[in-house]
2 protein chains.
Amino acid sequence: MSTAILVVEDEPGIQEVLKFNLAQHGYEVGVASDGESALSLLRGAMPDLVLLDWMLPGMSGIEVARRIRNDARLKAIPIIMLTARAEERDKVQGLDLGADDYITKPFSPHELLARIKAVLRRRAPELTDDPVEAAGLRLDPVSHRAFASGKALDLGPTEFRLLHFFMTHPERVYSRAQLLDQCWGDHVFVEERTIDVHIRRLRGALETSGHDRLIQTVRGAGYRLSTTLN
Amino acid sequence: MSTAILVVEDEPGIQEVLKFNLAQHGYEVGVASDGESALSLLRGAMPDLVLLDWMLPGMSGIEVARRIRNDARLKAIPIIMLTARAEERDKVQGLDLGADDYITKPFSPHELLARIKAVLRRRAPELTDDPVEAAGLRLDPVSHRAFASGKALDLGPTEFRLLHFFMTHPERVYSRAQLLDQCWGDHVFVEERTIDVHIRRLRGALETSGHDRLIQTVRGAGYRLSTTLN
DNA sequence: ACGATTATGTGAATACTTCATGACACCGGC
DNA sequence: GCCGGTGTCATGAAGTATTCACATAATCGT
């Protein structure tokens, strides 16, 4: 599951550099040169993050951000704004316009990538490749492996995604519908009760080490991963 | 498989010193004295790394870097920038996103070689000529040979590249698409399923020594070399 | 407290997907 | 033409996903 980033930037040079650096680090990159095409691209395929230049021909970056935030389907997408100079950053009437972070040009690739990771971690922790740990469980997306008390777990792909999501969002209840959205995809037609079966299989895999207790049922609401036992 | 380096440097003295030192250590060295000739050389033969002076007659080093990054065929080439003074280094780093590393003159040959190796290892560890070892497997790019528990393996060129890549990137899952990019090249049109066949051939070669278990299938994700057995 | 009602757990059947494997065709070099 | 190396395909095997039917458990109104 690779992370998709939409770059909205009119200057071809910077566009290319961004594209290159992001692709180099495993992101799937889409590009738009102005606000209108960015928005129409967004309606087609939802990326996991938008890199948005502040100065754009036609519709300004701020306007684009505003429209994204006003669209029910898009509003949850993290936005990082690229601003030309530090002074302009102050002009921006703040983060309330919808951007999750700002980067002022010129910036280093290192800074860019760091901020992207930070924003993603904040907004969608399961999209990072960082290893996750919780209560004796460890999951490493890079090697695609999970361990319970140091012992490797045998998980199917779906169970792996489920556990990954739960571990990156602990102590929080998710309805079956939410879990379907997060671990299957938005437009999938699957019975909600199917979740139950995968939960059972996940519990089954965690059983030998006793970690199955972490996956808790919240009657009438959904499921939760919690280190606090009932 | 010798590593080719293109040196772009206008001052004849430094040019000679670089050429000598690099050749001394087994690199194949190409030389250009200005940006234009560098670019035209690049279109002819793609080196594995570019040593690029920041101050050049005519087109600046930064501009050359930018053009390299804008060229689809060249963009993946690692670049090390040579800058005259430490102060300039900061300037450059902020402005330019294309270089992989910087060296400030004057520099010792030792530092130069170390950085080259580091960059190559970071960008494409399988391009280094260092022998690799993992779990009883040993692979030496220089002699183009691989051993399992001391016994020579009979590998085709493709299987060799695959094994080399896996050994330089262990404990990490790669999708078939990624493996195609890494071991075949981006612009190659090959069925993804073909990977399966080469994996089998590689496993077949490793079988007699039992090392075939290291090449693991990750269902739904790709393949992985891991010393941790399932 | 009771049964009715609703929600969840579980095992098994079935439909799918993905992967391993062997056979074979192709291609360039000798 | 032979040969090693390579890419493609067909097929069967293995592994997963989804659904269903029914068991079990929690909740609610009376």
Side-chain angles (χ1 to χ4, degrees), chain A residues 1 144-146 152-166 173-185 187-207 212-226 230, chain B residues 1 144-146 152-166 173-207 211-226 230:
Chain A
M1 175 178 52
H144 211 274
R145 275 200 154 123
L153 294 172
D154 181 29
L155 298 176
T158 305
E159 283 73 55
F160 189 87
R161 287 200 307 276
L162 252 183
L163 180 57
H164 189 195
F165 179 74
F166 275 130
V173 184
Y174 289 94
S175 70
R176 293 181 174 72
Q178 288 176 306
L179 291 172
L180 279 181
D181 280 357
Q182 299 287 346
C183 301
W184 272 254
H187 331 297
V188 187
F189 174 67
V190 168
E191 284 292 324
E192 291 204 343
R193 294 299 311 280
T194 299
I195 300 268
D196 300 26
V197 180
H198 288 283
I199 290 284
R200 176 170 58 86
R201 289 212 267 256
L202 178 53
R203 281 172 173 160
L206 296 173
E207 199 162 50
D212 56 322
R213 296 173 306 172
L214 301 181
I215 308 293
Q216 301 168 354
T217 304
V218 181
R219 199 184 167 79
Y223 296 94
R224 167 184 63 197
L225 182 145
S226 172
N230 312 9
Chain B
M1 175 180 53
H144 209 270
R145 273 203 171 123
L153 294 172
D154 180 29
L155 296 176
T158 306
E159 283 72 57
F160 189 86
R161 286 200 308 278
L162 249 185
L163 181 57
H164 191 192
F165 179 74
F166 274 130
V173 181
Y174 288 95
S175 69
R176 293 182 174 72
Q178 289 175 306
L179 291 173
L180 279 181
D181 280 357
Q182 299 288 346
C183 300
W184 273 254
D186 324 325
H187 44 72
V188 185
F189 175 68
V190 169
E191 284 293 323
E192 290 204 344
R193 289 264 148 244
T194 300
I195 300 270
D196 300 26
V197 180
H198 287 281
I199 290 284
R200 175 169 59 85
R201 288 175 184 152
L202 178 54
R203 279 174 175 160
L206 296 172
E207 200 163 49
H211 288 86
D212 56 323
R213 296 173 308 171
L214 301 182
I215 308 293
Q216 301 169 355
T217 304
V218 181
R219 186 161 250 267
Y223 296 95
R224 165 184 65 199
L225 182 144
S226 171
N230 300 2

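Residue numbering restarts at 1 for every chain, and letters A, B, ... go by the order of the sequence lines.
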Review point. Heavy atoms under 4.0 Å, any strand shown: does V218(A) hit a base, just sugar-phosphate, or nothing?
Key: sugar-phosphate
Exercise for review: Would you classify R201(B) as touching base, sugar-phosphate or nothing, given that sugar-phosphate means primed atoms plus P, OP1 and OP2, and contacts are heavy atoms under 4.0 Å?
Suggested key: base
Practice item. Give E192(A) one of three labels, base, sugar-phosphate or nothing, depending on what nucleic acid heavy atoms sit under 4.0 Å from its own. Key: nothing
**Study point:** Flag side-chain contact, heavy atom, 4.5 Å: F166(A) against L179(A)
**Key:** yes
Exercise for review: Using the closest heavy atom to pick a nucleotide of DNA chain C for each, name whichever of G222(A) or R193(B) lands nearer the 5' end.
Suggested key: G222(A)
Check your understanding: Taking atom CD1 of I195(A) and atom CG of L162(A), what is their separation to the nearest 0.5 Å?
Key -> 6.0 Å
Check your understanding: If each of P157(A) and V190(A) is mapped to the nucleotide of DNA chain D with the nearest heavy atom, which maps nearer the 5' terminus, i.e. the 5' end?
Key -> P157(A)
Exercise for review: May I ask you to evaluate whether T158(B) reaches the phosphate of dT6(D), defined as a side-chain N or O under 4.0 Å from OP1 or OP2?
Suggested key: yes
Exercise for review: Using atom CD of E207(B) as one end and atom P of dG22(C) as the other, report the distance to the nearest whole Å.
Suggested key: 10 Å
Check your understanding: I199(B) has an atom CD1; how far is it from atom P of dT6(D), in whole Å?
Key -> 14 Å
Review point. With respect to the phosphate group of dT18(C), does any side-chain polar atom (N or O) of Y223(B) fall under 4.0 Å of OP1 or OP2?
Key: no
Check your understanding: Separation of Q216(A) atom CD from dG9(C) atom C1', in whole Å?
Key -> 16 Å
Check your understanding: For E191(B) and dA20(C), what is the distance between atoms CD and P respectively, to the nearest whole Å?
Key -> 16 Å
Exercise for review: Kindly compute the distance separating CD1 (I215(B)) from CG (L202(B)), expressed to the nearest 0.5 Å.
Suggested key: 4.5 Å
Revision key, fill the gap. In whole angstroms, the gap separating C1' of dT16(D) from CH2 of W184(A) amounts to 12 Å
Revision key, fill the gap. Which of R203(B), R201(B), H164(B) passes side-chain contact (heavy atoms from CB on, under 4.5 Å) with E159(B)? It is R201(B)
Practice item. Check every strand shown and say whether F160(A) touches a base, only sugar-phosphate, or nothing at a heavy-atom separation below 4.0 Å. Key: nothing
Point to revise | Whole-Å gap separating P (dT21(C)) and CG (L202(B)) | key: 13 Å
Exercise for review: Figure out the CZ/P separation between R219(A) and dA26(D), and round it to whole Å.
Suggested key: 8 Å
Study note, to complete from the structure: Between CZ of R200(A) and P of dT16(D) the distance, given in whole Å, is 15 Å
Review point. Contact class for T194(A) vs. all strands (heavy atom < 4.0 Å): base, sugar-phosphate, or nothing?
Key: base
**Study point:** Phosphate contact (dA7(C) OP1 or OP2) by T217(A) side-chain N/O below 4.0 Å
**Key:** no
Practice item. May I ask you to verify if any side-chain N or O of H198(B) is less than 4.0 angstrom from the OP1 or OP2 atom of dT6(D)? Key: no
**Study point:** Nearest heavy-atom neighbours spanning V190(B) and L180(B)
**Key:** O-CD1, 3.5 Å
Exercise for review: Check whether any side-chain heavy atom of Y223(A) sits under 4.5 Å from a side-chain heavy atom of D196(A), and report yes or no.
Suggested key: yes
Check your understanding: Quick one: does R203(A) reach the base of dG9(C) with a side-chain donor-acceptor pair under 3.5 Å?
Key -> no
Practice item. Identify which nucleotide among dA17(D), dC9(D), dG9(C) has an atom closest to any side-chain atom of V197(B), counting heavy atoms from C-beta outward. Key: dC9(D)
